[in-house]
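I have placed the structure first, in the form of structure tokens, so that the comments after it can refer back to it.
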Number of protein chains: 2
Amino acid sequence: MDARISFADRLKTMQGDQPLDACPVRQVMQGIFGKWSTLLLQALGERPYRFGELRRLVPDISQRMLTQTLRDLERDGYVYRKVLPSKPPRVEYGLTALGASMLGPLTDLVVWASDNFAAVDAARRRFDADEAAGASGSG
Amino acid sequence: MDARISFADRLKTMQGDQPLDACPVRQVMQGIFGKWSTLLLQALGERPYRFGELRRLVPDISQRMLTQTLRDLERDGYVYRKVLPSKPPRVEYGLTALGASMLGPLTDLVVWASDNFAAVDAARRRFDADEAAGASGSG
DNA sequence: CGGAATCCGAAAGGATACTG
DNA sequence: CAGTATCCTTTCGGATTCCG
């Protein structure tokens, strides 16, 4: 697919029959961009993990959000959930083929963020400093 | 940079001195993944737009969120804001070099979403159907 | 034309307690 | 171990009103 066709044209096409809110691309993006989705997808990109392993790997996630995020990812088809029939119940989560194919582009973006967060942080500080100066400069 | 180094290792490194919550990558990602950020970045990737043009281009955004999202994008250094000194004030928004460099990976992800939303949608319906069946199956 | 300020409802997300 | 259910706080985002 051509990645560089006119975005505005695509936008207009989408508005033709749907309220822009129903834009399928946005629906998909929203599923990927939750607070924890990206993190968990990256983790599962390495190897399958069990529920408790993920908790320990990402210590500041609440068990509520871990459950919910994994469910959402499973619902969207990125993640499978396999219940191992052992005495203490074990549940393994891993990427599906769909999830693996999405992880490529997602990781590229994560890598960009990793490479450029210093520039972003600098921009933020500049912006905040300018704002503060403008707000109190004449006081 | 090596895009495929161990994510778990990187995670552990980050936890070493920071609360994971302060992870810079996450900070950056959160800025990109707002409800409107991706959409506006794509639009500005075509050419600079004025405030009112963006409103018409994305009709279902409120003026409040358009202002706020543009401000956030400007703060992060992705977008510049140029006030034209004309009689009715005109303000032009466009991508900075940083924003343009980020748009590449972001667009790749949008393209993925565009190519695969049917699969995601199918997965969702399957999941929901299974859930409904499981919930009412045994009476 | 491009905003800022305020108000309010909806949704995301965390803490805690309980279950199989 | 792997959840579910409830409560509560915070954030997101829309509608409206006012300003340079």
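Each chain gets a letter, A, B and so on, in the order its sequence line appears, and its residues count up from 1. The basis for the numbers below is simple: all heavy atoms, side chains too, and nothing from hydrogens, waters or symmetry mates.
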Touch class at under 4.0 angstrom, heavy-atom based, for Arg64(A) against every strand present: base

Atom-to-atom span, NZ of Lys82(A) to C1' of dC1(D) - whole angstrom: 18 Å

Gap between atoms CZ and P, on Arg55(B) and dG14(D) respectively (whole Å): 12 Å

Phosphate-side-chain proximity, Lys35(B) and dA11(C), N/O vs OP1/OP2 below 4.0 Å: no

Contact nearer the 5' end of DNA chain C, comparing Gln30(B) with Glu53(B): Glu53(B)

Rounded distance in Å - CZ (Phe33(A)) to P (dA12(C)): 16 Å

Length of the CD-P vector between Gln68(A) and dA5(D), whole Å: 12 Å

Gap between atoms CZ and P, on Arg90(B) and dG3(C) respectively (whole Å): 13 Å

Sugar-phosphate only, base, or nothing, as touched by Gln63(B) at under 4.0 Å among non-hydrogen atoms: base

Side-chain N or O of Tyr93(B) closer than 4.0 Å to phosphate OP1/OP2 of dC1(C): no

Note, Ser37(A) side chain near Tyr78(A) side chain (heavy atom, < 4.5 Å): no

Sugar-phosphate only, base, or nothing, as touched by Arg81(A) at under 4.0 Å among non-hydrogen atoms: sugar-phosphate

Polar side-chain atom of Glu53(A) near backbone of Arg50(A) as donor-acceptor pair, under 3.5 Å: yes

Rounded distance in Å - CG (Leu84(B)) to P (dG2(C)): 9 Å

Check: Asp121(A) and Val28(B) side chains under 4.5 Å, non-hydrogen atoms: no

Met65(A), nearest nucleotide to its side chain (from dG3(D), dC1(D), dG14(C)): dG14(C)

Arg71(A) CZ - dA12(C) P separation (whole Å): 15 Å

Mutual orientation of the aromatic rings belonging to Phe33(A) and Phe33(B) [parallel < 30°, tilted 30-60°, perpendicular > 60°]: parallel

Sugar-phosphate, base or nothing in reach of Arg50(A), heavy atoms under 4.0 Å: sugar-phosphate

Residue Phe51(A), side-chain atoms from C-beta onward, closest of dA4(C), dG3(D), dC1(C): dG3(D)

Pair Arg26(B), Gln30(B): side-chain N/O donor-acceptor within cut-off below 3.5 Å: no

Which nucleotide in dG20(D), dG20(C), dG3(D) has an atom nearest any side-chain atom of Pro89(B): dG20(D)

Of the listed nucleotides dG3(D), dG2(C), dA4(C), the one nearest the side chain of Val91(B): dG2(C)

Atom pair distance, as rounded to whole Å: CG in Leu54(B) and P in dG2(C): 9 Å

